[in-house]
Amino acid sequence: MALNYIWSGFFLVGFLAAVLQWLFLGDTDIFKRIIDGTFETARMGVMDIALPLAGVMTLWLGIMNIGEKAGIVGWLAKVIAPFFSRIFPEIPKDHPATGHMVMNFSANLLGLDNAATPFGLKAMESLQTLNPNKDEATNAQIMFLVLHTSGLTLIPLAIMAQRSILGAADPSDIFIPCMIATYVATVVGIITVSIKQRINLLNSVVLSWLGGMTAAIVAMIWYFTQYLSKQEIELVSKVVSNLVLISVIAIFIIGALRKKVNVYDAFIEGAKGGIQTSITVIPYLVGMLVAISVIRNAGVFNFVMSGFNWFFANLGINTDFVPALPTAMMKPLSGSGSKAMMIDAMNTYGVDSFVGRLACVFQGSADTTFYIVALYFGSVGIRKTRYAITAGLIADLAGVITAVFVAYVFFH
């Protein structure tokens, strides 16, 4: 039901904004921009997202099936089971969904979006097998989706690369702020869903896992900042991320061969679902992306930014952060759109300006909530999202607020 109102609202608010600009500002091109945007976005959703996704899905679902036949995915599920059994109490012990989620979170941590999406869709498919009401999201599916949308990434490699291309003096200077913001978003996401689902987080297992992850992140930040130069940070990030990915493939194959599995047949068996999954998500994906394009091309963001600037100025709050907010507002809606906003902020205000850096931290502080909801729930036919979007947006907001505070500490 939430998606019904949100999707309809995007079109109606965009239409109202366009009519007002036509009547009061004399903008006679506004309707053409919106309609052109819907056609272009619909094309992009199919040709630039769904079809390329089919190839990636075919590859990684095949690889995942090899890992399952090798027993490695099941082994991962057993390792993480003590923690996951607390925050995913509905998932039976040693269920393959746990291993799939671990693979998804691991790929996200390393910034490997192309691998994370197939793993995530496979995880959602596994969780759907436990769903008694196939068109309504379960508690476990909501927790998984919110954790995914919080966008926990250890090394924002793509953002650092873009800063380097634009000539930043230190492309990696946003590394720690991004890490802090995305980690806060993830923890807030866990807490929000746990409160709604009445999950007790105050137990030794959960606290030890969260404490261990926090200590590991702090240790990595300390090591990177104390012992590595900016060039070394980028090099280590690039090498480790891709080394881990190719190692996963090699380990899956070796494990399957040891069990005398026909590796190629296992790959083909798993890969067959790639095309079908991509076709299934097209209506959901196009519908959400087109609605987002209406809001964007109707100029709604410009009105909102003006409102924010007036509001904070009247409160006596420093408004230096406001020009970077379009990136934060676009991020839950569109990854490519928020990236464009980030680049525009760096080009307009300077790649090493406060606004330019803050836009980068916004980009790295969360993930594309509405896109992920449409993609992941759409892949298994879920229409009733319950409180998934609300919880995801709360996590996003926590990341945005943290990003502002951290940016003032590091860059202002």
Side-chain angles (χ1 to χ4, degrees), residues 109 111 150-164 166-191 210-211 213-234 237 305 308-309 311-332 338-339 341-346 348-367 394-412:
L109 284 172
S150 65
L152 181 59
T153 303
L154 292 178
I155 305 166
L157 185 60
I159 299 172
M160 288 158 53
Q162 189 63 59
R163 287 179 53 76
S164 178
L166 294 178
D170 182 359
S172 62
D173 60 5
I174 48 87
F175 162 61
I176 295 177
C178 281
M179 173 85 72
I180 295 171
T182 187
Y183 186 66
V184 169
T186 300
V187 172
V188 169
I190 293 176
I191 293 172
L210 290 178
M213 288 188 287
T214 302
I217 290 174
V218 171
M220 190 186 74
I221 291 173
W222 177 79
Y223 176 78
F224 272 41
T225 54
Q226 295 295 317
Y227 293 99
L228 299 181
S229 67
K230 59 184 181 181
Q231 293 86 0
E232 288 172 332
I233 290 175
E234 293 178 39
S237 302
M305 288 305 104
F308 275 135
N309 198 65
F311 176 75
F312 289 117
N314 278 275
L315 288 177
I317 297 174
N318 184 292
T319 59
D320 289 350
F321 69 94
V322 172
L325 283 179
T327 304
M329 293 185 63
M330 181 60 73
K331 185 63 178 181
S338 62
K339 181 180 179 181
M341 295 288 190
M342 176 189 73
I343 294 172
D344 180 69
M346 287 191 285
T348 302
Y349 296 92
V351 66
D352 287 326
S353 66
F354 174 73
V355 172
R357 284 166 164 159
L358 177 56
C360 292
V361 181
F362 281 149
Q363 180 72 2
S365 65
D367 215 326
I394 290 173
D396 291 343
L397 179 60
V400 168
I401 294 172
T402 304
V404 172
F405 279 103
V406 171
Y408 270 99
V409 171
F410 277 80
F411 306 126
H412 201 267

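Here the structure is a predicted model, which is why all the values come from computation and not from measurement.
Between the CD1 atom of Ile317 and the CZ atom of Phe311 there is a distance of 7.0 Å, given to the nearest 0.5 Å. We find the CE-CE distance between Met305 and Met329 to be 4.0 Å, quoted to the nearest 0.5 Å. Rounding to the nearest 0.5 Å gives a distance of 11.5 Å between CD1 of Ile191 and CD1 of Ile394. Between atom CG of residue Asp396 and atom CD1 of residue Ile401 there is a gap of 11.0 Å, rounded to the nearest 0.5 Å. In this structure, CZ on Phe312 lies 7.0 Å from CG on Leu325, to the nearest 0.5 angstrom. For the atom pair OH of Tyr349 and CG of Asp320, the computed distance is 10.5 Å after rounding to the nearest 0.5 Å.
Inter-residue side-chain proximity for His412 and Asn318 is flagged as met; some heavy-atom pair is nearer than 4.5 Å. Phe411 is not listed as a side-chain neighbour of Val406, based on a closest heavy-atom distance of 4.5 Å or more. Between Ile174 and Gln363 the shortest side-chain heavy-atom distance does not fall below 4.5 Å.
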Show the numbers, then the answer: is there a side chain to side chain contact (heavy atoms under 4.5 Å, CB included) between Leu210 and Ile190?
CA-CA 11 Å; Leu210 290 178; Ile190 293 176; 4.3 Å; yes
Run Phe354 and Tyr408 through ring pair (Phe, Tyr, Trp, His ring centres under 6.0 Å) and show every step you take.
CA-CA 8 Å; Phe354 174 73; Tyr408 270 99; 4.9 Å; yes
Thr402/Tyr183 under side chain to side chain donor-acceptor pair (under 3.5 Å): CA gap, chis, key distance, verdict
CA-CA 10 Å; Thr402 304; Tyr183 186 66; over 6 Å; no
Stepwise, does the side chain to side chain contact (heavy atoms under 4.5 Å, CB included) test hold for Lys339 with Ile159?
CA-CA 9 Å; Lys339 181 180 179 181; Ile159 299 172; over 6 Å; no
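Nearest heavy-atom pair across Asp352 and Ala168 is OD1-CB, 3.6 Å. Residues Ser365 and Gly399 share a closest heavy-atom pair of CB-O, 3.9 Å. Between Met346 and Cys360, the shortest heavy-atom contact is SD-SG, 3.5 Å. The two atoms that bring Gly364 and Thr182 nearest to each other are O-CB, 3.5 Å, heavy atoms only. Minimum heavy-atom separation, Leu358 to Ala403: CD1-O, 3.6 Å. Listed here is the closest heavy atom pair of Val361 and Cys178: CA-SG, 3.7 Å.
Within 6.0 Å of CZ in Phe405 there are 12 or fewer heavy atoms belonging to other residues, nucleotides or ligands.
Between Arg357 and Asp173 there is a salt bridge, with a side-chain nitrogen of the basic residue lying less than 4.0 Å from a carboxylate oxygen of the acidic one.
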